[in-house]
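Since the structure comes first, as structure tokens, the remarks are kept for the end.
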Amino acid sequence: MPNSPKAPPSGGNAVAAKAAARATDSGPAALASGATDDAAVVKALQTNDLVAAMPFNPGKPGEHGFANGVAPQAGSTAEPASRLVTASTLSEETLSEKVGSVALEGRNATIEPLDRVRVDSTGQVLTTNQGVKVADNQNSLKYGVRGPALLEDFILREKLTHFDHERIPERIVHARGSAAHGFFECYEAATDLTKAAPFNEAGKITPVFTRFSTVQGERGSKDTARDVRGFAVKFYTDEGNWDLVGNNIPVFFIQDAMKFPDLVHAVKPEPHHGMPQAGSAHDTFWDFVSLMPESTHMLMWVMSDRALPRSYATMQGFGVHSFRMVNAAGASVFVKFHWTPKAGTHSLVWDEAVKISGADPDYHRRDLWERIESGAFPEYELGVQVFTEEQADQFSFDILDATKLVPEELVPVRPLGRMVLNRNPDNFFAETEQVAFCTAHVIPGIDFSNDPLLAGRIHSYVDTQITRLGGPNFHEIPINAPIAPVHNNQRDGLHRQAIPRGRVSYEPNSLAGGCPFQAGATQGFVSVAASISNREEQGKVRAKPEKFADHYTQATLFFASQSPAEQDHIANAFRFELSKVTVPAIRERTVAMLRNASEALAQKVATGLGMEVLPAPLPLAATSVAAAEVALSSALSLLHRPGDEPLKGRKVAILVAPGVDGDFVMQAQEELFARGVVPRMVGSRIGPVRSATGEVLQADASLENEPGFLFDALVLPGGQEAVEALARDGNTAQCIRDQFRHCKPILVHGAASELLVLAGVPFVGDQGAGSDDLGVVLAEDGQAPAAIAAFLAAMEKHRHFARETDPPQA
Ligand code: HDE
């Protein structure tokens, strides 16, 4: 469109035309066409022409009926003769450093890359928020050196006022989180399934921002709490933002959004004394869930090691609900989303998680940050389980029930692409804290199922963010802005950034040539015209489908599918949590509930709680339960996914002291590093350590500031003098005991085997010393390369539960 107005023919009374065109109220019956050199006149004439070009709303008849529901028409538009017609002001060409240039045609600058808001203060002087340079940032303005401070000190007052308002409300759930930028790469076009932008071309790259979180704790709570982890991914697609707001567990506690506030109130710190923080081991949680037997399946997952991930890089993610994918022909299928970590699924053990939460409450945040800084980028494969409505009708469970999963043995996962997290945020608050995920953010090709839990979420996220982020314009905060164009007639509200050009903020319009106009079915989002089977119970009701009443079949499946060590951990977790409950009747009710899922588990938990007589099982809600398709699902065990790159980003402590065998240390360090492991030399104190052969090694951590349980594995190098020095430090034996108790690999070289004896670790000499499947590898002198290789192989197995003593073996 031309930038300068096309002049209409001149004539008429020039002065009258100019005068009329300058008025902002009332107008002539007909426009005079004089003074074609006058911009106001030209604008008035061209505006009238544009409006006249749309004499009626041609879309009206088509707005009605079912056909429009599935294939809405595009809006009608007319082209203005020049850009002047749609301008807000005739003065728009008055340029300055501040206003910049005339808005580029069709552009919305709020979606520009984050560069537009990044600030680099290198070499800059300090200023106020108004850009005034600050001469003195040390002293407030006073009347005399010892006199009173003055109210006129606008610099002090601005600084304090801003500081006073630095905090915003934290998220009501998922307050504690860490995030990273990255990309999603599509393997092959999946256009048979969906027209969604990220999946429409092999190799296509879509930027993402991913936030991981715990659910229960407050913003400053520990990372390693026993909890569900949030796994929320914002895809900045060229068709708009799509948020896949999932968890690291594929099912949920409840089936209907109506119960969510109850669940959260029950699990959060108890309201009278505000305890416990970031923990479900208290009365109100177990009171609630034992009255809500549909939570049994989810309880199995949160009592399992899934709720203690080793790293955000070693946990799966799930969309939880059934969603729909829709292709360009409008055909839709149901899908369940799965993120599978390339580093495998690995978790902590309970004692380790408890200790880590004291030594490093930022354990997962640090791990994510350090992996990215060191180039060991967390990577996940996105896949979908695809099934049709007809298949879903045949399943023994209801796919609208978020307490049920679709076993992978029933419907396999089809890989779609991979996500790599390769950039840390510049600023935690601006990005990680202000990012606003929302299940309602979907794009053409993705749609919802009728899961009643999902329905509540579609409402809840925007709603909560209006309070948390201070008004309805949080979509303009840079981290939330899409990269796809944003053009609509929404206006105003707190903290508005966009400066819309022109005077039109409604649709339909003719004054802006109909723009922005409705996209219609060919470009725009159209909801799947899902029909509801016409059964008599389909009236407007508050009710649940019958299959929702089967509360236990999949809890049984999950427990049965775990390895013996995982089953032990689940029993231990129930025992621990219920032992924290102060009301015995709540404990009994929970055990009564567990009896419906697994008698063996219920018995173990009861024994662990000193409960001599098992309570009668809870009555069942279901009168009959369809036979399950799958009795065992190996995919549900963490051991099922050791990962392609289990060593990348792992941390190993190499204990050093004066007189250590320097050659061995350096050899171990080199080989570990070459495999992507991060080896650290840990001493009794930080600083230089002279080896037996005189090299100076640097201990960059100490047993005090980085206790051994923060590491994935331990190397004890030889060197008699060093071993004796380490033996004198009480931390050494504790460190070895923890490594051993937590079933982590230990590489023991030469004289260092004495340290195992000191620590009371029973693996020297007899009982399988040197046996690598127990994860304790002995390196005799001259066998270093083979022993280091065996140690790396032991690390690939992650843990060696054969030697586990938690709980005491019977
Ligand atoms: Fe959320 N959830 N949720 N949720 N959720 C929030 O949104 C809610 C549910 C999940 O990193 C809140 O911005 C309701 C299931 C994640 O910022 C809030 C219901 C799943 C995150 C909210 C659920 C999730 C949230 C709090 C039941 C797994 C963190 C602050 C109907 C699929 C996103 C906010 C981030 C956050 C509501 C249940 C995942 C209050 C009403 C099921 C990962 O809107």
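Counting starts at 1 for both ligands and their atoms, in listed order. All values derive from a computational prediction rather than experimental measurement.
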Item to check | Side chain Asp223, main chain Arg365, donor-acceptor under 3.5 Å | outcome: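 Checking the backbone N and O of Arg365 against the side chain of Asp223, a donor-acceptor pair under 3.5 Å is found.
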Next on the checklist: Would you say the ring centers of Phe318 and Phe231 fall short of 6.0 Å from each other?
Outcome noted: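 No, ring centres 6.0 Å or more apart.
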Got a sec, which residues hit ring pair (Phe, Tyr, Trp, His ring centres under 6.0 Å) with [X], two or more places apart in sequence or on another chain?
X	value
Trp242	Phe199, Phe235, Phe337
Phe576	Trp350
His181	Phe209

Checklist entry - Hey, are Ser332 and Arg324 close enough side-chain-wise for a donor-acceptor pair under 3.5 Å? => result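 Arg324 vs Ser332: donor-acceptor pair found between side chains.
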Checklist entry - For ligand 1, what is the set of protein residues having any non-hydrogen atom at a distance below 4.0 Å? => result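 For ligand 1, the residues that come within the 4.0 Å heavy-atom cutoff are Arg171, Ile172, Val173, His174, Arg211, Gly230, Phe231, Val245, Gly246, Asn247, Phe252, Ala257, Phe260, Gly319, Val320, Phe437, Leu453, Arg457, Ser460, Tyr461, Thr464, Gln465.
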